[in-house]
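Just so it is clear, the values below take in all heavy atoms, side chains as well, and ignore hydrogens, waters and symmetry mates. Given the structure is predicted, the values throughout are model-derived calculations rather than measurements. Proteins get letters first, then strands, A, B, ... in listed order; numbering begins at 1 in each.
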Amino acid sequence: MNFDLSDEQQVVKDLATRIFDDLATPERVRDVCADGGHDADLWQALADAGLLGLCLPETVGGVDLGSGMGMVELCLITEQQGRRVAPVPLACAVVAARCIANFLPAEAELLARFVAGESIITAALAEPGRNDPFTPGITATTVDGGLRLVGDKPAVAALSQATHVLVPARHEDANVVALVETSAEGVHIEALVTTNHESQGHLTIDTVIPAARIITDAAALDQLVWHTLVAHCAIQLGVAEGAVALAAEHVSTREQFNRPLSAFQAVSQRAADGYIMTEALRTTVLNASWQCDHGEDPRADTLAAAYWASEGTQQVVLGAQHLHGGLGADTDHPVHRQFLWGMQYASTLGNASTHLERLGRLIAHG
Amino acid sequence: MDITESPENVEFRAAARTWLLANATPRTESSVALPLDEHVAAAMAWQKTLQAHGWAGISWPEAFGGRGESSLRASIFNEEMSRFEQTLGPLTVAVGMVAPTLMAHGTPKQQQHLAAILRGDELWCQLFSEPGAGSDLAALATRAELDGDEWVVNGQKVWTSLGQFAQYGILLARTDPTVPKHKGITYFIVDMNDPGIEVRPLVQMTGHAHFNETFLTDVRIPVENVVGEVGNGWAITRTTLTAERSSIAGGGAGWSVEGLIELAREQGRADDPLVRQALARAHSRSEVMRVLNLRLRTAIANKRMPGREALIMKLAYARHWVSTTDSAMSLLGAQGMLAGSDAPHDESWHQAFLNQYAIRLGGGTDEVQQNIMGELGLGLPREPSTDRDIPWKDLPK
């Protein structure tokens with residue numbers, strides 16, 4: 001057993017750190033979030049650096065794509081994204097591309113365009129209310145040549161920018177996943193305003209998808225959901241890390257009562273609690289991402305990580321914002337974005353309470 | 001002790017409800033939030049209506065134009081009013097903080113503002129916090145120097161709620177830098193129309209500019225606008241801050257536990273045991289808040305300063321706010337994270353959720369309140385201080 005990163009993983013992490021540090025500056029993030037919530041330049045830079053294809057299989061359908069790395073590496077990248085609160089649909093898109101590589105290998109050309117940064121693929125996983133991605137609100141019925149999909153989906157990441165979206169649907173008594181072109185007739189997209197100002201859209205659909213673009217293997221939705229959730233946990237880890245770092249800097253430099261704020265135990269201990277929570281989250285993310293790559297069933301480890309990510313990150317960003325005083329809510333100060341991101345992802349694909357409920361059901365039934 | 005409502009108060013409550021039903025709009029889940037300027041104007045108009053119908057200043061002394069009734073009756077009226085869309089939120093500084101301070105410490109001429117506040121003619125703001133003086137408010141650096149029969153004020157204030165709309169402000173400035181920091185502060189009334197005042201809005205992550213930065217350059221204040229004695233501003237500030245804590249904890253939040261229960265039903269989750277526990281927790285917190293408020297009113301009725309009650313209420317209210325809005329977000333699922341015009345219920349839960357920071361900071365942070373609580377409630381010794389006895393001018397800046 002070895003929790004240290006390999007040399008290759010360290011290179012990936014360093015590369016991601018450099019790209020997000022250089023390109024996702026607070027000013028850039030502010031401008032992008034005021035204008036659609038998707039950083040196309042950053043997306044292209046990630047493609048040019050090879051990070052979009054990194055976690056895809058080496059070849060699909062005879063086309064050379066990725067390096068065969070997996071969820072551990074993707075999480076190293078999305079962690080850095082979260083630290084800089086960079087608005088790109090990395091988690092969702094890479095997981096969707098991996099799903100296509102595994103279950104629709106004939107789509108190698110689409111994947112090649114994705115790897116080059118020319119085509120964004122997303123997945124419509126969120127559901128209203130209980131937010132259970134395994135009970136899709138879209139229904140599929142058999143028609144000539146494929147399935148007709150009817151229904152709608154709230155809160156789809158980067159839907160306005162995506163060329164393709166993976167859409168889970170209920171077909172008879174099973175779930176299927178359809179690869180849908182966003183420009184197809186019968187596909188309606190409405191851009192949404194979100195808490196963290198990342199691009200999201202509402203999808204309304206009534207269209208026929210050819211059988212060649214339908215995945216009937218139940219493992220596809222499993223992979224989509226659990227892997228997206230883990231990649232989101234890594235975003236949360238980065239968000240928390242960034243928040244704790246900003247708070248530590250603020251309380252070390254801001255003076256009140258003739259001493260730094262950090263000289264007050266109530267302040268330093270709250271900051272330390274944030275640090276401890278962040279490290280706890282790191283441990284669960286490393287574990288869950290490794291289980292996704294190598295384990296038999298990543299569900300319990302993923303739910304444990306998702307619980308820590310929702311509950312823990314909320315506490316960390318609340319604390320970090322609180323330690324900034326009024327500055328923490330001022331849109332001129334970057335820490336408010338850590339707060340908004342922490343809150344956004346704490347309620348994406350479930351929240352602390354639903355993750356606990358699912359984990360409880362899983363372990364209680366054995 | 002008797003916690004039942006007296007027949008007279010039951011009658012008072014019924015009369016209040018009857019009048020409100022005839023003159024106000026019941027709050028519903030579809031109530032629409034107004035833009036900030038209209039929200040302020042609506043609150044002032046509502047205060048005017050209350051005054052015209054004899055429902056303003058219920059617990060104010062008759063000498064100041066009030067009804068001279070118990071503060072319990074005032075809170076009964078507020079409780080009834082909270083079921084309606086009409087709110088006095090923007091008048092919190094004027095009615096909740098300036099009025100009690102002027103009643104206790106103002107000159108007869110300064111107390112003439114009370115009638116205007118009661119009529120809804122004056123919006124006030126609070127010019128206390130500074131970039132360098134937050135929790136350590138007494139370290140404030142805004143200077144006031146005497147020039148003939150006027151004070152000339154220079155400095156910068158921050159977190160000035162609704163400063164862009166206010167006609168008057170209560171202002172703390174340093175009039176004597178040669179004495180320790182708590183001793184050289186004077187409390188002023190300032191006309192916000194003075195040409196030396198510049199108010200710059202600050203945009204919060206809620207998307208609104210509730211707060212402002214306020215720059216004061218050679219602002220001239222007549223000596224008659226000093227509240228209390230020159231150099232005795234800190235003592236008067238305590239009155240205002242205690243009133244602020246009770247005002248914050250007094251509600252007017254725009255959300256309620258009833259609303260949370262409605263939301264659970266609407267989302268089809270009212271039978272979910274986890275949701276029911278969250279609802280029950282919210283209900284029990286709000287009951288504690290209600291009874292704490294009655295204790296606070298008792299303290300006032302029995303001529304005690306409700307210092308401890310106000311501290312506990314403000315802390316408890318901040319936690320109640322955080323937990324209740326968190327439950328609402330949990331019920332809304334993915335839609336809870338939609339903002340602006342895409343958010344459900346006209347963004348009311350989303351705004352309340354994002355605004356939780358203000359409740360934990362405004363009127364003194366949770367940590368400051370807990371420190372005071374340790375001293376006031378438990379008699380713990382003061383935290384050792386390195387700067388209480390040093391002249392303000394000799395403190396490192």
>> Please classify the contact of A:Thr194 with chain B as side chain, backbone, both or neither, using a heavy-atom distance under 4.5 Å.
In response: both
>> Below 4.5 Å, heavy-atom pairs only: which of B:Lys181, B:Gln267, B:His350, B:Met329 has the largest tally toward chain A?
In response: B:His350
> Which one, A:Asp330, A:Thr331, A:Asn131, A:Thr354, leads in non-hydrogen pairs under 4.5 Å with chain B?
Replying inline: A:Thr331
>> Quick check against the 3.5 Å criterion: does A:Gln338 have a side-chain atom that pairs as donor or acceptor with the backbone of A:Val239?
In response: yes
>> What part of A:Gln321 gets within 4.5 angstrom of chain B, counting heavy atoms only: side chain, backbone, both, or neither?
In response: side chain
>> Is B:Arg269 close to chain A through its backbone or its side chain, or both, or neither, when contacts mean heavy atoms under 4.5 Å?
In response: side chain
>> For the backbone of B:Val322 and the side chain of B:Thr325, can you confirm whether one donor and one acceptor N or O come within less than 3.5 Å of each other?
In response: yes
>> Quick check on A:Glu127 against chain B: is it the side chain, the backbone, both or neither that has a heavy atom closer than 4.5 Å?
In response: backbone
> Picking from A:Met343, A:Glu357, A:His336, which has the most non-hydrogen pairs under 4.5 angstrom with chain B?
Replying inline: A:Met343
>> How long is the straight-line distance from OG1 of B:Thr214 back to NZ of B:Lys157, given to the nearest 0.5 Å?
In response: 9.5 Å
>> Can you tell me which portion of A:Arg337 sits under 4.5 Å from chain B's heavy atoms? Options are side chain, backbone, both or neither.
In response: neither
> Should we say atom NE2 of B:His182 is surrounded by more than 12 heavy atoms from elsewhere, each under 6.0 Å from it?
Replying inline: yes
>> Counting only non-hydrogen atoms closer than 4.5 Å, does B:Ala133 touch chain A with its backbone (N, CA, C, O), its side chain (CB onward), both, or neither?
In response: backbone
> Crowded around A:Gln265 CD? As in, over 12 foreign heavy atoms under 6.0 Å?
Replying inline: no
>> If I measure from the heavy atoms of chain B, does A:Ala191 come under 4.5 Å with its side chain, its backbone, both, or neither?
In response: backbone
> Around A:Trp308, counting heavy atoms of other residues, nucleotides and ligands shown, do more than 12 lie under 6.0 Å from its CH2?
Replying inline: no
> Heavy-atom distance under 4.5 Å to chain B: side chain of A:Leu318, backbone, both or neither?
Replying inline: both
> Is it true that atom CZ of A:Phe264 has more than 12 heavy atoms of other residues, nucleotides or ligands lying nearer than 6.0 Å?
Replying inline: yes
>> Check whether B:Lys314 reaches the backbone of B:Gly364 with its side chain - one donor and one acceptor, N or O, closer than 3.5 Å.
In response: yes
> A:Leu192 versus chain B, heavy atoms under 4.5 Å apart: side chain, backbone, both or neither?
Replying inline: both
>> Which one wins on heavy-atom pair count under 4.5 Å against chain A: B:Gly268, B:Pro131, B:Ala278?
In response: B:Pro131
> Hey, is CZ on A:Arg259 packed in by over 12 heavy atoms from elsewhere, all under 6.0 Å?
Replying inline: yes
>> Out of A:Thr348, A:Asn351, A:Asn196, return the one with the most heavy atom pairs under 4.5 angstrom to chain B.
In response: A:Asn351
